[in-house]
Enquirer: 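First the structure, which I've put down as structure tokens, then a few questions once you've had a look.
Just so we're on the same page: letters track the sequence lines, and every chain starts at 1. Since the structure is predicted, the reported quantities are computational estimates derived from the model, not experimental observations.
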2 protein chains.
Amino acid sequence: MRWKKISDAVVRRLPLYLRVLEEAYHSGDVKLMSSQELGERAGVSPALVRKDLAWFGEFGKQGVGYEVRYLREELRKILNLDREIRVAVIGVGSLGHALVRYNQQRYREDQHFNLHVVALFDADPAKIHTRLDGLMIHPIDTLAEVTRREGLQMAIVTVPASAAQQVVDRCVEAGIRAILNFAPAKLTVPEGVHLANADVSLELQRLAYYLGE
Amino acid sequence: MRWKKISDAVVRRLPLYLRVLEEAYHSGDVKLMSSQELGERAGVSPALVRKDLAWFGEFGKQGVGYEVRYLREELRKILNLDREIRVAVIGVGSLGHALVRYNQQRYREDQHFNLHVVALFDADPAKIHTRLDGLMIHPIDTLAEVTRREGLQMAIVTVPASAAQQVVDRCVEAGIRAILNFAPAKLTVPEGVHLANADVSLELQRLAYYLGE
DNA sequence: TAGATTGTTAATCGATTAACAATC
DNA sequence: TAGATTGTTAATCGATTAACAATC
């Protein structure tokens, strides 16, 4: 690993900064950006922007700010987004399908967007070996093999909650070390594997709290 | 408001506790649960479980633990989930559609699940006034009217990033005070309106960081 | 040079954990 | 009663903010 023990709170903000920089870079008319400006656009205080970036190096110039093009490039390297990352979607119900379509559109339209869904998996025999949006749907027990063949590094899990832990275990076994889980279930992964949860029900229930205010 | 200044970190854990309690309640064979047990199942330390709950009252008995049925009921009240909450989905592309279907299934199968998508909106003239999964798709400029008529309290926004701020402004205008945004954009809402972001790209980019370890 | 802004250290704030008296 | 576990206070930990010397 390149830098030691960067806290999750810091890593979580890096994509926010990158988004602001991508926007400025592609608009073309902003060459330099201060931590003030970057923070404002990302919703983070300027001091925190500087502190976050300082974990990874010295990217700015005193009295000047950060060069948009350079900092964007560096952030892309830090986030491993400077090369294609091949992603599997496991469970192609309506949510899985929607995520595939979203990703394909994004990947097609933005040549710098390097997260690419290239393999689908499902347990339903009726779906297996058919194509969806141009991608073959594989049976889940070929996960390890397809992971190797296709160079998969990430998985998006959109299977029912009851199957989620089992699917995640298979991912881990296959060597996948970053998983985005949409199933409403508390899953466990071994040390070294990273799991993010995108549980829509949980978010809605949380929001419901504020209706009582 | 019922309790003052509960931190977001606390509110975020309440649905986790509720999920554990719902599970225990419906399984039927666990009547009591200690903070130890509840914490284990929710992925939270026992001390924090007790501290979180203590913000809202005294729900346990020393030496005994928490009565599952009672604490579940109280948490449902705290989260306003003891009555139906009527939700709009704005933007019925494939992601919006998937979320509607997911919600309808969940609402149908679990009689205690009270978040209910009851109205759809879209900007596409070809979709407006057609039905999707039994729900009429309304034009977005009828949002205020339909909100009143249908008693909408929450919105799920799945429109393109370029339209998201405008849509959110309309929601606020219509009196909706809790919004779950899926668009990859930084949105702003006035004081008193609660916005949660469910930005899939951001999560994937964040996970990509760990591929470098 | 004078003004601006970084990188970094010290101060503050808030959240989590540890500990324990109260009590079931 | 004896054992267990809560509710709560004090201690710790970590993250954010404030401040400023370095320097472009």
Enquirer: Around atom CD of Glu84(A), are there more than 12 heavy atoms of other residues, nucleotides or ligands at under 6.0 Å?
Expert: yes
Enquirer: What is the distance, to the nearest angstrom, from the CD atom on Gln36(B) to the P atom on dA18(C)?
Expert: 12 Å
Enquirer: Could you tell me how far apart Phe56(A) (CZ) and dG7(C) (P) are, to the nearest whole angstrom?
Expert: 13 Å
Enquirer: Rounded off to whole Å, could you give me the CG-to-P distance for the Asp8(B) and dA15(C) pair?
Expert: 9 Å
Enquirer: Classify the side-chain pair Asp8(B)/Tyr209(A) by whether it contains a donor and acceptor separated by less than 3.5 Å.
Expert: no
Enquirer: Any stems for DNA chain D, made of 3 or more Watson-Crick or G-U pairs in a row, each with both distances under 3.5 Å?
Expert: C:3-24 with D:3-24
Enquirer: Only counting residues at least two apart or in another chain, list the ones meeting side chain to side chain contact (heavy atoms under 4.5 Å, CB included) with Ser45(B).
Expert: Ala47(B), Leu48(B)
Enquirer: Give every pair of a protein N or O atom and an N or O atom of nucleotides 19-21 of chain C that lie under 3.5 Å apart, one pair per line with the distance.
Expert:
| residue | atom | partner | partner atom | Å |
| --- | --- | --- | --- | --- |
| dA19(C) | N6 | Arg50(B) | NH2 | 3.2 |

Enquirer: Let's see if you can work this out: which of dC24(C), dG7(D), dT5(C) has an atom nearest to the side-chain heavy atoms of Glu58(B)?
Expert: dG7(D)
Enquirer: Leu38(B) CG to dA4(D) P: how many Å, rounded?
Expert: 20 Å
Enquirer: Output yes when at least one side-chain N/O atom of Ser45(B) is less than 4.0 Å from OP1 or OP2 of dT16(C), else no.
Expert: no
Enquirer: What is the separation between atom CZ on Arg13(B) and atom C1' on dG14(C), rounded to the nearest whole Å?
Expert: 12 Å
Enquirer: With sequence neighbours excluded, what pairs up with Thr158(B) under the side chain to side chain donor-acceptor pair (under 3.5 Å) test?
Expert: none
Enquirer: About how many Å separate CZ of Arg12(B) and CG of Asp52(B), when rounded to the nearest 0.5 Å?
Expert: 12.5 Å
Enquirer: Is it true that Glu22(A) and Arg19(A) make a salt bridge, defined as a side-chain N closer than 4.0 Å to a carboxylate O?
Expert: no
Enquirer: Using modelled atom types and a 3.5 Å cut-off, is there a donor and acceptor pairing between side-chain atoms of Asn80(B) and backbone atoms of Ala208(A)?
Expert: yes
Enquirer: If you take any heavy atom closer than 4.0 Å to DNA chain D, which residues from residues 14-24 of chain B end up in contact?
Expert: none
Enquirer: Let's see if you get this right: which residues in residues 186-194 of chain A place a heavy atom under 4.0 Å from DNA chain C?
Expert: none
Enquirer: State which residues pass side chain to side chain contact (heavy atoms under 4.5 Å, CB included) with Asn114(B); sequence neighbours excluded, sorted by chain then number.
Expert: Arg76(B)
Enquirer: Kindly write out the residues that satisfy side chain to side chain contact (heavy atoms under 4.5 Å, CB included) with Ala163(B), not counting sequence neighbours, or none if the list is empty.
Expert: Val159(B)
Enquirer: Check every atom of dG7(C), dA10(C), dT8(D) against the side chain of Lys51(A) and return the nucleotide holding the closest atom.
Expert: dA10(C)
Enquirer: Can you check the Asp52(A) CG to dT16(D) C1' distance for me, whole Å?
Expert: 10 Å
Enquirer: DNA chain D: Ser7(A) or Val64(A), which has the more 5' nearest nucleotide?
Expert: Ser7(A)
Enquirer: Scan the side chains in residues 175-191 of chain B for donor-acceptor partners under 3.5 Å anywhere in the protein, sequence neighbours excluded, and list what turns up.
Expert:
| residue | atom | partner | partner atom | Å |
| --- | --- | --- | --- | --- |
| Asn181(B) | OD1 | Ala183(B) | N | 2.8 |
| Asn181(B) | ND2 | Ala183(B) | O | 3.1 |
| Asn181(B) | ND2 | Asn197(B) | OD1 | 2.8 |

Enquirer: May I have all residue pairs that pass side chain to side chain donor-acceptor pair (under 3.5 Å) and include part of residues 147-156 of chain A, sequence neighbours excluded?
Expert: Arg86(A)-Glu150(A), Glu145(A)-Arg149(A)
Enquirer: Which whole-number value in Å describes the distance from Glu40(A) CD to dT5(C) C1'?
Expert: 15 Å
Enquirer: Roughly how far, to the nearest 0.5 Å, is the CD atom of Glu213(B) from the CD1 atom of Ile6(A)?
Expert: 10.0 Å
Enquirer: For Leu48(B) and dA18(C), what is the distance between atoms CG and P respectively, to the nearest whole Å?
Expert: 11 Å
Enquirer: Can you name the side chain to side chain donor-acceptor pair (under 3.5 Å) partners of Arg69(B), sequence neighbours left out?
Expert: Tyr25(B)
Enquirer: For Tyr66(B) and dA4(D), is the shortest distance between a side-chain N/O and OP1 or OP2 below 4.0 Å?
Expert: no
Enquirer: How about Gln104(A) and Arg101(A): do any of their side-chain heavy atoms sit closer than 4.5 Å?
Expert: no
Enquirer: Among residues at least two apart in sequence or on other chains, which ones pass salt bridge (charged side-chain N to carboxylate O under 4.0 Å, His left out) with Glu37(B)?
Expert: Arg41(B)
Enquirer: Do any side-chain nitrogens or oxygens of Ser35(A) fall under 4.0 Å of OP1 or OP2 in dT6(C)?
Expert: yes
Enquirer: Need to verify one output field. Residue with the more 5' nearest nucleotide on DNA chain D, Val44(A) or Ala54(B)?
Expert: Ala54(B)
